[in-house]
Amino acid sequence: MFRHGVADLLAGTGEVEIVASVDTGTTAVQAVTELVPDIAILDLAMPDMNGVTVIRKLVERGSPSRAIILSVYESRVYVDQAFEAGAGGYVLKRSAFLNIVQAVQAVRSGGTYVDPLLPGHGVGRGRVVAVPSDEAQNSITARESEILRFVAYGYTSKEIAGRVGVTSKAVEAQKARACCRLGINSRAQIVQFAILQGWLQGEMTLR
């Protein structure tokens, strides 16, 4: 219903032609590759392949289509992941019916659009421009990445400590530092971040 509602809203402007409406990441890649639309609007959390992965695959194939991510996630880490993959816009689902038309217009004209309701982003000249990531705040160490990946797989701090050779307190401290840098506040968000990083493909490699 949400997908068709967005499509109807865009078609109703008289400026947009909807060439396809699909419900999985795999079919999104196929549709964009075959139809080459100007804009592909992608849900961040689609079945079988998330929106960021879809964008990466399209970039690998040299697709000229630009992408806009629709998402319920407001954490900066998801916005950064989307733009690093090659997205041209990021719109929150809760404000999609207010902002999606403006997002399409901005991205179609070569601009970049970030939902004005996202914290830490300002409005400028009719569209919202993404603020570049601060490497000092967003980069995490290899050990911190390893610990977050173990957490995403469901390991406890004690189990992780035994596998990486540190204390449980050290694991908790490194996990807390990494989550602080990434703007992550829960295990569910750690799992989402791990999915976007591609960490959950295959089994966890043990030392």
Side-chain angles (χ1 to χ4, degrees), residues 25-26 28-29 32-33 37-93 95-96 99-100 102-104 106-124 127-149 151-152 175 177-186 188-202:
T26 299
V29 173
V32 175
T33 300
D38 293 323
I39 303 290
I41 299 175
L42 306 168
D43 196 325
L44 183 64
M46 290 185 290
D48 77 35
M49 190 186 302
N50 66 68
V52 169
T53 301
V54 170
I55 293 174
R56 287 173 178 156
K57 287 188 175 295
L58 293 173
V59 170
E60 289 173 0
R61 298 184 180 191
S63 173
S65 301
R66 300 200 69 199
I68 295 172
I69 286 287
L70 272 176
S71 176
V72 298
Y73 300 108
E74 302 185 18
S75 173
R76 179 174 175 176
V77 65
Y78 301 118
V79 182
D80 289 344
Q81 283 285 318
F83 282 102
E84 286 168 5
Y90 194 103
V91 178
L92 295 174
K93 284 189 174 181
S95 61
N99 298 322
I100 193 63
Q102 184 182 4
V104 169
V107 175
R108 179 67 184 88
S109 65
T112 301
Y113 188 94
V114 180
D115 196 300
L117 294 183
L118 280 165
H121 297 89
V123 180
R127 69 173 184 267
V128 186
V129 181
V131 177
S133 301
D134 182 347
E135 291 185 7
Q137 293 181 342
N138 290 305
S139 62
I140 58 177
T141 67
R143 172 53 61 83
E144 289 168 348
S145 296
E146 182 181 31
I147 288 173
L148 290 185
R149 190 178 177 201
V151 172
K175 181 177 73 173
R177 283 197 298 269
C179 288
C180 181
R181 291 193 189 104
L182 297 170
I184 291 175
N185 301 307
S186 68
Q189 290 185 346
I190 291 176
V191 173
Q192 286 290 334
F193 177 72
I195 291 172
L196 293 177
Q197 294 294 324
W199 290 348
L200 302 188
Q201 298 175 3

Smallest heavy-atom separation, L148 atom then I190 atom, equals O-CG2, 3.6 Å
Checklist entry - For atom NZ of K93, is the number of surrounding heavy atoms from other residues, nucleotides or ligands below 6.0 Å larger than 12? => result yes
side-chain contact (heavy atoms from CB on, under 4.5 Å) assessment of Q81 paired with L44
CA-CA 10 Å; Q81 283 285 318; L44 183 64; over 6 Å; no
| query | Between S75 (side chain) and Y78 (backbone), is there a donor-acceptor pair under 3.5 Å? | reply | no
In terms of heavy-atom contacts, A85 and V52 come closest through CB-CG1, 3.7 Å
**Prompt:** Would you say the side chain of L92 lies within less than 4.5 Å of the side chain of N99, judging by non-hydrogen atoms?
**Reply:** no
Closest non-hydrogen atoms of R61 and T33, given as atom of the first, atom of the second and distance, are NH1-OG1, 3.2 Å
Exercise. Kindly indicate, with the supporting measurements, whether the criterion side-chain contact (heavy atoms from CB on, under 4.5 Å) is fulfilled by I41 and V104.
Key: CA-CA 9 Å; I41 299 175; V104 169; 4.1 Å; yes
Polar side-chain atom of S145 near backbone of T141 as donor-acceptor pair, under 3.5 Å: yes
dist R56:CZ -> N50:CG (nearest 0.5 Å) comes out at 7.5 Å
On a heavy-atom basis, the closest approach of V32 and S63 is CG1-OG, 3.8 Å
Fill in: Check ion pair E146-R143 (N to O, under 4.0 angstrom)
yes
- Message: Tell me if a side-chain donor or acceptor on R66 pairs with a main-chain N or O of V107 at a distance below 3.5 Å.
- Response: yes
(request) Look only at the side chain of D43 and the backbone of M46, and say whether a donor-acceptor pair between them is shorter than 3.5 Å. (result) no
Kindly determine whether I55 and I69 satisfy side-chain contact (heavy atoms from CB on, under 4.5 Å), including the steps that lead there. CA-CA 9 Å; I55 293 174; I69 286 287; 3.9 Å; yes
**OP:** Any chance you could lay out the side-chain contact (heavy atoms from CB on, under 4.5 Å) test for V91 and Y113, step after step, and finish with the verdict?
**Re:** CA-CA 8 Å; V91 178; Y113 188 94; 4.1 Å; yes
Closest non-hydrogen contact found for Y90 with S71 is OH-OG, 3.0 Å
To the nearest 0.5 Å, atom CG of D38 lies from atom OG of S65 at 7.0 Å
